[in-house]
Amino acid sequence: MSDVIKHECGIALLRLRKPLAYYQQKYGSALYGIHKLHLLMEKQHNRGQDGAGVASIKIEVEPGIEYLTRYRSIKQRAIEAIFGRVGKQVEKLRRRHPQQAHDPEWLKRHLPLLGDVYLGHLRYGTHGTNSLNTCHPRVRENNWRSRSLAVAGNFNMTNVDELFDKLVSLGQHPRQTGDTITVLEKIGHFLDEENQVLFAHYKADGHENAAISPLIETHLDLQRVLQRACKDFDGGYAMAGLTGYGAAFVVRDPHGIRPAYYYADDEVVVVASEKPAIKTAFGVHYDDIRELTPGCALLVEKDGRWREAEIQPARERRACSFERIYFSRGNDPQIYHERKEMGRRLAPAILEAVDHDFENTIFSYIPNTAETAWLGLMQGLEDHLAEVRSAKSEVRSGEGDAPPTSHLAPPTSHLAPISARPRAEKLVIKDAKLRTFITDNAHRDDLVSHVYDTTYGVVRPGIDSVVVLDDSIVRGTTLEKSIIRLLDRLAPKEIIIVSCAPQIRYPDCYGIDMSNLREFVAFRALLSLLKKAGQDHLLNDTYARIRQAAQANALHETNHVADLYARFTPEEISAEVAVLVTAPDVKARVRVIFQTIDDLHTACPQHRGDWYFTGKYPTPGGTKVVNRAFLNFYEKKEGRAY
């Protein structure tokens with residue numbers, strides 16, 4: 001991906017269903033759970049490089065021993081830092097207590113992180129500073145285990161202000177206003193209420209206080225707690241939590257926007273943001289890894305029993321399509337085939353753009369996530385050539401006299417030679433591990449110009465056109481400052497940039513760092529077209545309508561920005577994007593082709609969340625955000641719109 005964006009975090013939850021001695025006997029180590037959590041997080045490190053955190057719960061340890069432990073890090077290699085710390089603790093215990101360190105129960109009492117339930121989180125910060133305090137899990141501790149709570153998640157709430165006000169109306173005095181702490185306190189509030197109701201019930205029955213605690217832990221209804229806590233949430237989320245007494249949960253939003261998968265057997269219950277992490281860590285069959293049903297929670301009780309339970313009724317499925325385009329690891333077999341299909345479906349538009357000229361066109365890609373789609377594109381081109389060869393063979397043998405009828409087929413006069421093959425070359429090389437989003441905007445341009453390099457001596461100057469596939473185009477910064485200039489040094493006749501994703505026109509508010517309209521190259525293209533057409537007064541009209549909607553508390557009702565885009569065709573927007581990403585000193589002609597929304601849906605039929613392309617948000621809060629984003633743009637305000 002050329003324009004790297006901060007995106008969704010990753011979660012990992014692991015419940016051991018056997019005593020630690022079982023894992024030591026079967027797998028040779030009482031640290032089995034820690035090792036598996038480490039692997040689950042390493043296999044999802046693509047989901048978060050700003051920080052990491054872990055928490056564990058020791059079930060039924062005696063009073064005086066810490067039952068909830070949490071470690072977090074924002075070091076460059078945060079996962080390594082956390083588990084390296086645990087490793088040093090283990091070595092110290094083994095060195096000082098060589099005999100006792102082989103006893104799982106002794107080790108459980110003396111090794112802080114060693115427990116029965118584990119929660120891991122990988123952070124990509126989408127807003128605010130990157131500090132240790134912003135890393136998950138966030139905790140709410142209490143001497144009553146059933147009131148203690150640790151929460152980590154992959155989420156953004158669009159209505160955090162309303163949620164904050166509800167906490168205040170409940171009588172709380174929240175210390176922070178962010179969505180993470182607000183979610184923690186909201187779940188914690190209803191966890192407290194559930195505790196209080198049960199305490200009063202058993203107290204009235206004559207039970208002593210010390211006897212009431214285990215009764216609460218046995219009968220506490222986590223489903224009811226989550227139903228009450230989540231009913232006002234507007235956003236995309238997969239949230240995981242541990243209670244101090246050992247029960248755990250993962251709850252998913254009703255539209256299935258954020259991903260969550262789980263596997264369970266008689267030894268473990270495990271949840272992760274991506275299937276391959278579970279597959280690799282536990283060696284299970286893909287068919288045995290289940291998707292957590294939207295609107296439901298996976299509940300794991302203190303005794304290890306688990307079930308799915310409805311928290312909110314499921315709504316129209318709008319799973320995030322960016323998961324399939326870019327975010328998730330491509331070794332998931334379904335994602336792999338979907339990305340290939342995205343590339344294959346771009347073949348007709350590309351062939352038309354190059355006039356079916358295989359001899360003088362080179363097909364390449366921007367590393368690394370576009371590679372799989374590029375394989376699909378090459379397959380689509382090969383399929384086209386196979387049809388051409390078949391048509392020529394039929395014409396020569398007298399069995400036919402018409403060109404192939406496929407949508408890939410060119411006019412008869414453009415039929416490629418039978419010997420033609422697509423020219424596949426690796427023209428773009430990612431030369432340095434620099435993340436262009438990690439620094440301030442003032443220094444980004446200098447960084448992006450050094451991230452990529454190219455292969456020389458392949459392009460025939462003034463003769464060859466180059467087609468370069470990317471998975472998406474967000475800002476266009478890297479294209480303008482690096483990629484296109486780099487390719488132009490090769491002196492091609494034409495540079496065609498192709499995006500597997502449609503035009504990114506609207507902000508995201510469910511976990512992706514795309515909230516500033518002006519940053520989108522498609523939006524800047526819209527502004528340019530309005531100005532060229534003498535219609536930039538429409539920006540004033542749109543602003544007036546949105547201000548009126550804000551005064552009427554109706555920002556959530558209509559996406560007013562969509563009316564501006566409706567004045568131009570996707571092709572007109574694409575052409576203007578090409579103008580904007582072409583620096584004045586570039587000599588080659590530059591064109592930009594985007595995936596169509598229909599083809600994206602066909603390639604990824606189960607992930608039709610497309611609001612960043614279409615402006616059709618799954619929740620009212622999303623529509624409110626796009627209108628607020630326009631207000632921020634018009635009023636020249638920085639920051640996100642939620």
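Taking the six-membered ring where the residue is Trp, the centroids of W144 and Y245 are separated by 6.0 Å or more.
In the model, E323 has a side-chain atom that pairs as donor or acceptor with a side-chain atom of S328 under 3.5 Å. A side-chain N or O of R147 and one of Q196 form a donor-acceptor pair less than 3.5 Å apart. In the model, E267 has a side-chain atom that pairs as donor or acceptor with a side-chain atom of Y22 under 3.5 Å.
Contact check on E80 versus K75 returns no salt bridge, with no Lys/Arg side-chain nitrogen under 4.0 Å from an Asp/Glu carboxylate oxygen. For the pair K88 and E91, the salt-bridge criterion is not met [side-chain N within less than 4.0 Å of a carboxylate O]. Between R17 and D303 there is no salt bridge, since none of the side-chain N atoms of the basic residue sits less than 4.0 Å from a carboxylate O of the acidic one.
Using the six-membered ring where Trp is involved, Y32 and F282 have ring planes that are perpendicular, over 60° apart on the 30 and 60° scheme. Ring geometry, H97 versus H110: the interplanar angle falls from 30° to 60°, so the pair is classed tilted.
Residue K108 qualifies as enclosed at atom NZ: its count of foreign heavy atoms under 6.0 Å is above 12. Around CG of N553, the count of heavy atoms belonging to other residues, nucleotides or ligands within 6.0 Å does not exceed 12.
Nearest heavy-atom pair across V86 and L113 is CG2-CD2, 3.7 Å. Listed here is the closest heavy atom pair of L20 and P104: CB-CB, 3.9 Å. Here the closest heavy-atom approach between residue V269 and residue V300 is recorded as CG1-CG2, 3.9 Å.
In this structure, CZ on F164 lies 7.0 Å from OG1 on T182, to the nearest 0.5 angstrom.
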